[in-house]
**Q** 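Encoded as structure tokens, here's the structure I'll be asking about.
The chains referred to below are lettered A, B, ... by the order of the sequence lines, with proteins before strands, and numbering in each begins at 1.
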Amino acid sequence: MSVYALVDCDHFYVSCQRLFDPALEKRPVVVLSNNDGCVISRSPEAKKLGIPMGAPYFKYRRLCEQNKVVVFSSNYELYGDLSQRVMTSLRQFCPDIEVYSIDEAFLRLDGFSHLDLTDYCTKIAGKIKMWTGIPVSIGIGPSKTLAKAATHLAKKNYQEKVFDLRNPSVQDSVLAQIDVNDVWGIGHRLTQKLTRLGITTAQQLRDSPTNQIRQKFGVMVERTLLELNGIACFSLETDQPKKTIISSRSFGHPVNQLTELEEAISHFAAIACAKLRKQQSKTHSIYVFLQTNLFSLRETPYSNGIMHGFAEPCAHTDAVIQAAKKILKQIFIPGLGYKKAGVMLMNIIPAARRQHDLFIDPCSQDKKNHLMQVIDTINDRMGRDSIFMAAEGVHRSWRMQANLKTASFTTHWHDILTIDI
DNA sequence: TCTGGGGTCCTAGGACCC
DNA sequence: TCTGGGGTCCTAGGACCC
């Protein structure tokens, strides 16, 4: 029988901020998304004030001010670095690990059954806190979905950081308490449909007839049902290369000049290509999109995008920028104020699997590969954007707002925290 | 004034093939 | 009267996740 554990960092971004300012402990704290748009991380104290996850910040600004909530812009450089520390630490306790998101990882503990797993996971949580300063909760179960549910329960119970959901009688008593929309893989649409059938708890979904669920909701929900029954359908996925890579941003203010958009799009293309090369892949196609403010009631919303296929799989920033700018000219309508744009790389393949174009000189490609390697090396060592394409522009006036951002304490020499004694 | 930025998988339907 | 059967590939859209 398989055993999975899900390690989930507690309100991760808030914890990252607290790490560098202990005065924030026990105080309500929230972290905002890019462009200071939405609330994406909340301390338990902030949750208690009734600030929902994903809420637009401008709607809750008053409430935050009245209750002295400490508000931060997000600092992904900091969070990414601390996430890596957590994941590296976890590998010392279990080699089979799937990094599921910036703040979550699945562990496969099949070979650890001789241990008391609650003890072992409590030890893991303690060490992670000691080594990285980040608090984590851990759920244990015979399938990923049950491990997820177990973490959900661990988070509800502030005393215990670990919840073991392997015992069927324990499953019976707790699954009835879990709403069906809190089950991993059941979103609000499926919740609505399931509710109409009278299925409102995890237990009711688990005990529904399998073939009926499959017929009505497809294989994904069927698998979720089996997973709730302790039958593992989702396996551990380790180190998979990305199949699509997106780089996009909302702008700090509406942008209406083509030249400015060209720079932004070029910059997004460069970021995406660097990610592409980092995972040693090439892309077959690129998609460029553009949006005005889709929430605005005054203007009619405009959103458009076009895909372009490359004759030969490609990972060269300059070629991708060229293609992106061509597309941009096709979808750009003068006179509109654009709020967001982005570049997607799709149909990604391993770089090693290459088929040459009969009409492209392979030597010229080698030269370009080398150039890209040099650029990546410089930026890795000296920091992002140390060297970049002229097309990306230098002013970047479209940049997003991040008025409440703290320093990158762990990744920039000049941001290292100093303490006065 | 003000609503993020990534990702994954599945399904249905159309084009096309023999 | 009666209009096959089986397949592949691609795309758009929908659902989900953090």
**Q** Is there a residue in residues 31-47 of chain A whose heavy atoms reach under 4.0 Å of DNA chain C, and which residues are they?
**A**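 Within residues 31-47 of chain A, no residue comes under 4.0 Å of DNA chain C.
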
**Q** Before giving the answer on salt bridge (charged side-chain N to carboxylate O under 4.0 Å, His left out), spell out for A/Arg384 and A/Glu77 the whole-Å C-alpha distance, their side-chain angles and the decisive distance to 0.1 Å.
**A** CA-CA 10 Å; A/Arg384 190 195 248 195; A/Glu77 206 170 325; over 6 Å; no

**Q** Using 4.0 Å as the upper bound for N to carboxylate O, is an ion pair formed by A/Lys148 and A/Asp182?
**A**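 Salt bridge flag = no for A/Lys148 with A/Asp182.
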
**Q** So what does A/Val221 touch, heavy atoms closer than 4.0 Å: a base, only the sugar-phosphate, or nothing?
**A**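 Since no nucleic acid heavy atom lies under 4.0 Å of A/Val221, the category is nothing.
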
**Q** Taking CD in A/Gln240 as the centre, count heavy atoms belonging to other residues, nucleotides or ligands within less than 6.0 Å. Is the count above 12?
**A**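 Yes - once you tally the heavy atoms of other residues, nucleotides and ligands closer than 6.0 Å, there are more than 12.
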
**Q** Does A/Thr244 or A/Ser250 map to a spot on DNA chain B nearer the 5' end, using the closest nucleotide for each?
**A**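 Here A/Ser250 is the residue nearer the 5' end.
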
**Q** Which heavy atom of A/Ala324 sits nearest to which heavy atom of A/Ile265, and what is that distance?
**A**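 In this case the closest contact between A/Ala324 and A/Ile265 is CB-CG2, 3.6 Å.
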
**Q** Regarding A/Lys193 and the six-membered ring of A/Phe217, is the cationic atom NZ or CZ under 6.0 Å from the ring centre and inside 45° of its axis?
**A**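 Output no; distance or angle outside limits.
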
**Q** Can you measure from CD1 (A/Ile327) to CG (A/Leu290) and round to the nearest 0.5 angstrom?
**A**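 The CG atom of A/Leu290 is 11.5 Å from CD1 of A/Ile327, to the nearest 0.5 Å.
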
**Q** At what distance, to the nearest 0.5 angstrom, does OG1 of A/Thr259 lie from CG of A/Asn256?
**A**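 Atom-to-atom, A/Thr259:OG1 and A/Asn256:CG are 9.5 Å apart.
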
**Q** Want to settle it: does A/Ser248 or A/Glu237 sit nearer the 5' end of DNA chain B, counting the closest nucleotide to each?
**A**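 Nearer the 5' end of the strand: A/Ser248.
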
**Q** NA contact type, A/Lys339, heavy-atom cut-off 4.0 Å: base, sugar-phosphate, or nothing?
**A**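 Counting heavy atoms under 4.0 Å across all strands, the contact made by A/Lys339 is with sugar-phosphate only.
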
**Q** Counting only non-hydrogen atoms, which of residues 59-77 of chain A are less than 4.0 Å from DNA chain C?
**A**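 Listed by number, there are none.
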
**Q** Ring centres under 6.0 Å, that's the criterion: do A/Tyr338 and A/Phe332 meet it?
**A**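 Yes, close enough.
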
**Q** Does anyone know the first and last nucleotide of DNA chain B in reach of chain A, 5' to 3', at under 4.0 angstrom to a heavy atom?
**A**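 Here the contact window of chain A covers B/dC2 to B/dT11.
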
**Q** Kindly compute the distance separating OG1 (A/Thr406) from CG (A/Asp415), expressed to the nearest 0.5 Å.
**A**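 Result: 9.0 Å between the selected atoms.
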
**Q** Rounded to the nearest 0.5 Å, how far apart are NZ of A/Lys216 and CZ of A/Arg196?
**A**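 Nearest 0.5 Å value for the NZ-CZ distance: 12.0 Å.
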
**Q** Taking side chain to side chain donor-acceptor pair (under 3.5 Å) as the definition, give me every residue that meets it alongside A/Tyr60, ordered by chain and number, with sequence neighbours left out.
**A**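 Side chain to side chain donor-acceptor pair (under 3.5 Å) check on A/Tyr60 returns nothing, list empty.
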
**Q** Inspect the surroundings of CD in A/Gln330 and state if more than 12 heavy atoms from other residues, nucleotides or ligands are less than 6.0 Å away.
**A**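 Yes, CD of A/Gln330 has more than 12 neighbouring heavy atoms, counting only those of other groups under 6.0 Å.
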
**Q** Counting the atoms with a prime plus P, OP1 and OP2 as sugar-phosphate, which does A/Tyr100 contact under 4.0 Å by heavy atoms, base, sugar-phosphate, or nothing?
**A**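 Since only primed, P, OP1 and OP2 atoms lie under 4.0 Å of A/Tyr100, the category is sugar-phosphate.
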
**Q** May I ask you to decide if A/Tyr76's main-chain N or O and A/Ser74's side chain share a donor-acceptor pair within less than 3.5 Å?
**A**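 Not a single qualifying donor-acceptor pair exists.
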
**Q** Could you measure between the two C1' atoms, the one in C/dC17 and the one in B/dG4, and give it in whole Å?
**A**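 Those two atoms are separated by 15 Å.
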
**Q** Enumerate, in order of first residue number, the stems that involve DNA chain C, defined as 3 or more consecutive Watson-Crick or G-U wobble pairs with both distances under 3.5 Å.
**A**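 Looking at DNA chain C, the stems formed by three or more consecutive pairs are B:5-18 with C:5-18.
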
**Q** How many angstroms lie between OG in A/Ser247 and CG in A/Leu276, if you round to the nearest 0.5 Å?
**A**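 Answer for the OG-CG pair, A/Ser247 versus A/Leu276, is 12.0 Å.
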
**Q** Looking at A/Lys155 and A/Glu104, is any side-chain nitrogen of the basic one under 4.0 Å from a carboxylate oxygen of the acidic one?
**A**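 The answer is no: the pair does not qualify as a salt bridge.
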
**Q** Listed in order of residue number, which residues of residues 186-203 of chain A have a non-hydrogen atom at under 4.0 Å from DNA chain B?
**A**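 Result for residues 186-203 of chain A: none.
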
**Q** Is the shortest side-chain N to carboxylate O distance from A/Glu262 to A/Lys329 below 4.0 Å?
**A**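 Salt bridge between A/Glu262 and A/Lys329, a charged N being under 4.0 Å from a carboxylate O: yes.
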
